[in-house]
Amino acid sequence: MTLKILLLTAFGGAFVTYFLGKVSSKLRNYFAVFVSLTLFVAVACLYGKSAENFSYFKFFGNTLVLRVNSLSWFFAAAVSAFGALSVIFSLDYMKGKENLDFYYMMMLLVNAAMLGIVFAADLVSFFVFWEIMSWSTFLLISYSGKNALPAGIKYIVMSLIGSMAMFFGILSIYVNFHTLIISEIARGIVSASSGYKIFILVLFGVTFGIKSAVMPLHTWLPDAYTESPTPFSAVLSGMLTRMGVYGFLLFFYVVAGASFFFDIDAGISKFNYILCWLGAITIVIPTFIAMLQNDAKKLLAWHGIGQGGYMILGIAFGTSLGLAGGILHTLNYSICIVLLFMSVGAVEYRCGGVRDLNSLGGLIKKMPVAFAGALLGISGLIGLPLTNSFVSKWLIYKTLILKSHPFLAFAALIGTWGTILSVYKFLHNNFLGELPEKYENIRKSPVSMQIPIIILSSAILLFGILPGIPLKVINTIITSFGFNSLNVNLWGIASETGTLNTINIFTAILIAGSVIWMLFRVGKKSFPVTQDDNYAAGAYVPAGKYNYTADFYAPLFKIVKPYLMDFADKFFGWLCRVFTGFSEGVRKIYAGDVGYYVLYILFFAALLFFVQSGGKSW
Amino acid sequence: MVIKLIALPLIAFVIGIFFLGLFRKITARIHRRYGPPLTQPVIDIIKLFYQKSVSHGRLFDFGIIVSLAGSLAVILFLPFAGICPLESSGGLLVIAYLLLFAPLGIALSGGEAANPNISIGISRKLILSLGYEVPLILILLAVMTHYKTISIAQIVSMQQKTGWAVFSAPLFLSGISYILILPAMLGVRPFDIASAPQEISSGVKVEYGGKFLALATIEHAFHLFIGISLFVNLFLGGGNVFVFFLKMIFVFIAGVFVHSVFPRFRTEQAVKYLWGWPALIALLGLVLAVTVK
């Protein structure tokens, strides 16, 4: 019952927001924030509950059902939290833009659809909510018009291909098992042939691969992230793309079942290793492409693809540790990337829409909160110790090394170095170095932007120092999949092959830091100078002309640029051109001249006659 | 335990500072100069603490503290002659990540000033790190795969049974590759592109004076200690305090010899070198470590 009300609130809230906007824009804003916060509280209250089969609707003789368990709770909590934070962030960011009623309605609708997806217990509701999500995402991506429109179309075309694959899969499942309820399918699929299982997993793999941007299917993502309004970029990167990860988990471990998933032999190698390698490729290439980007949002977008690779790698590898790492990384990465998009948004908002990393710089003193957010966000993406992603990456690396897959581990580790270079460029070119003169009078980011940034920054540190908080929930998820339970405590994870103890790391750094700080205090007091008061080794430095941000990694680019091309994008572009050419050819049939049509009819009649006579009249 | 926790950083400090003094002395002798006394770095550090300095803001102060704290933490996780108080807290992977604190801290600290030399220094440092991390990760993975553990203490103890890793069958290629990249990791010539005093006035450290420079010098000393001690642990089989120190000195002096006779690489030359033979040998080493059990 509660789930039904929750979803009703979510969808109803979205539509009510639209109509409230016609009355008063202030009321609409407050109501949108209220709805999203209510949803978060409601989801949070479901913690630890596990219930199945709330039937809520009849559909052609099938009952549509909802359920809640630890897996869906984990994703629902993240969805509603990021949803609420980005609605709050929107308040100032979107001020003065057009069509705001529509914007807020869509933001809430996307959230509602995602909640629907994670609570759905049968494939029809799953598909319906999935489609609502895809379409409202399309509308939000192309919200700003101009460049955003092609980005949106690219997204929706790829998304439709995915949906069709899923639809086909659902039909096939229904024909074979006569049920659409996920838990019943899971029981039925055990007896299916292994060829059929591969068929189903590949169909759904395409759907979820497109959504979570696994490497050859990633091409929609960079443009979509870049062109959406920034608060929605945050939602898109934070949870929406990760619905693909939820789908993978659901189909590999709940529907197909772990034991079965690892038994499949795809001819060349095991099915899950193929997926692992796709994940590894997805880590390496995009993080290095990210280094070449000069648009702050595009740089983050490529990381959205790259970090997704870690999740796929952890989930597909499928040991208790790897799976826990993959799921934990989904949450950790989302926190970081939402935070980073928000600080880009704050900079963009204050600097008049500028995101070009070659022309910004030195904003640290002007926007300290945005800087702190960006600093913690990049530390999290890198996975520095004491930030959240460190734990998840540690789990993934350790699994790969101890299970003797060093080449996968190499991909994961070198991906981290690509991340370091590109995110440092992001931080430096936004906030450090010399401040361009035109930004002398920039003000701090508004409060509605600072609140989400501060909350997310503290989450990064909290989950980094006490990783046991999310790991406890994840532990219940992986035990529900039938894996061994992990020995989780509040500050890390203990296992027979090596322990991680974040409290030790934290204390070591804290004590070392305080010793150094005391040493620092003992020394003679330094006197403060301004940012531009620099030592130039005897050379004259004219102010405002020595901002070393353009071509930050020029020497490296010379070496790597020729190798870093988006081959998949080129291929799909070629495919599109071929398809357009073909369609143009087909169009020529409709010549517009009646004579031709008569000719067609005559030919067709002749053909029918020929067939009817069975070729005797020949 | 507590004694070890206090003793280890002190040992690292003494050895690191000694290395700095030795560095100048040996270089001077190769250049046929007399050179400063061995204690010169200590005198410098004490003197610098009494000198005045400028600060560009909070991050400028905070960055250098974080950087040194990171180095100190690494030292606690890294066994020195079997002394390792925090060995059971994550192993080699934690060290690989903790090593990031030092360069990132200094980079952040410098970033608050608007000096272009700092930005250039940071960019070069990051590029160089990416250059040597490719072979280094391959090497570390070969070691971890061969010994089937991520704990350095265990790697050291296994070498005491089977002999030094650098001379053992599946790991000798990795060892050779490690020797080839060691100068880049220590930041000595031909790889001193990130500091490059004659070109970019020491890069990230250009704004440092007084106590900042003193702390940066200590950081440099720790950096030398960590780089060499990691190599001795992973490939030269550790040893007791005396043997360990002897091995470190040996590696260090070899590094100084390279430093004294080579000119500086350009950035892209350095990356091309590191991604050439060292990476190739390291890759072969990893393949060998995976195939030979």
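Throughout, protein chains are lettered first and strands after them, A, B, ... in sequence-line order, and every chain is numbered starting at 1. All values below were derived from every heavy atom in this structure, side-chain atoms included, with hydrogens, water molecules and symmetry-related copies excluded.
Around CH2 of A:Trp277, the count of heavy atoms belonging to other residues, nucleotides or ligands within 6.0 Å exceeds 12. Heavy atoms from other residues, nucleotides or ligands lying under 6.0 Å from CZ of A:Phe407 number more than 12.
Most heavy-atom pairs under 4.5 Å with chain A: of the set B:Lys52, B:Arg266, B:Glu112, B:Gln51, this distinction falls to B:Glu112. Ranked by heavy-atom pairs shorter than 4.5 Å toward chain A, the options B:Leu140, B:Ile75, B:Leu104 are led by B:Leu104. For the set B:Ile127, B:Val74, B:Thr267, B:Leu283, the entry with the most heavy-atom pairs within less than 4.5 Å of chain A is B:Ile127. When each of B:Ile218, B:Val271, B:Ile122 is scored by its heavy-atom pairs under 4.5 Å with chain A, the top score falls to B:Ile122. Per-residue counts of heavy-atom pairs under 4.5 Å with chain A were compared for B:Gly70, B:Gly57, B:Ser129; the largest is that of B:Ser129. Each of B:Lys272, B:Glu133, B:Arg124 has some count of heavy-atom pairs under 4.5 Å with chain A, and the biggest count is that of B:Glu133.
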message: Using ring pair (Phe, Tyr, Trp, His ring centres under 6.0 Å), reason through B:Tyr132 and B:Phe191 one step at a time and then give a plain yes or no.
response: CA-CA 10 Å; B:Tyr132 68 70; B:Phe191 298 99; 8.6 Å; no
message: Assess the residue pair B:Tyr208 and B:Thr217 against the criterion (side-chain contact (heavy atoms from CB on, under 4.5 Å)); give the C-alpha distance rounded to whole Å, side-chain angles, the decisive distance to 0.1 Å, and a yes or no.
response: CA-CA 10 Å; B:Tyr208 287 161; B:Thr217 314; over 6 Å; no
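Only the side chain of A:Thr416 comes within less than 4.5 Å of a heavy atom of chain B; its backbone N, CA, C and O stay farther away. At a 4.5 Å heavy-atom cutoff, A:Leu400 makes no contact with chain B through either its backbone or its side chain. Residue B:Ala107 touches chain A through both its backbone and its side chain, counting heavy-atom pairs closer than 4.5 Å. In this structure, the portions of A:Leu519 lying under 4.5 Å from any heavy atom of chain B include both its backbone and its side chain. Heavy atoms closer than 4.5 Å to chain A are found nowhere in B:Gln269, neither backbone nor side chain. With a 4.5 angstrom heavy-atom cutoff, A:Tyr424 touches chain B only via side-chain atoms. For A:Ile559, the part sitting under 4.5 Å from any heavy atom of chain B is the side chain, from C-beta outward, and nothing else. Both the backbone and the side chain of B:Tyr97 have a heavy atom closer than 4.5 Å to some heavy atom of chain A. Using a 4.5 Å cut-off between heavy atoms, B:Phe212 contacts chain A through its side chain alone, with no backbone atom that close. Heavy atoms of A:Ile364 lying under 4.5 Å from chain B belong exclusively to its side chain. Residue B:Leu48: no heavy atom, backbone or side chain, is found under 4.5 Å from chain A. If you measure heavy-atom distances from A:Phe431 to chain B, you find no contacts under 4.5 Å at all.
B:Ser53 contributes atom OG, which lies 9.5 Å from atom CG of B:Leu213 (distance to the nearest 0.5 angstrom). Between the CZ atom in A:Phe520 and the CD1 atom in B:Ile65 there is a gap of 5.0 Å [rounded to 0.5 Å]. Distance OG/B:Ser195 to CG/B:Asn117: 12.0 Å, rounded to 0.5 Å. Residue B:Ile152 holds its CD1 atom at 9.0 Å from CE of B:Met144, rounded to the nearest 0.5 Å. Note that the CD atom of B:Glu207 and the CD1 atom of B:Ile118 stand 5.0 Å from one another [nearest 0.5 Å].
Using a 4.5 Å heavy-atom threshold, the side chains of B:Leu286 and B:Val290 count as touching.
Between B:Asp61 and B:Arg58 no salt bridge is recorded (no basic side-chain N to carboxylate O distance below 4.0 Å).
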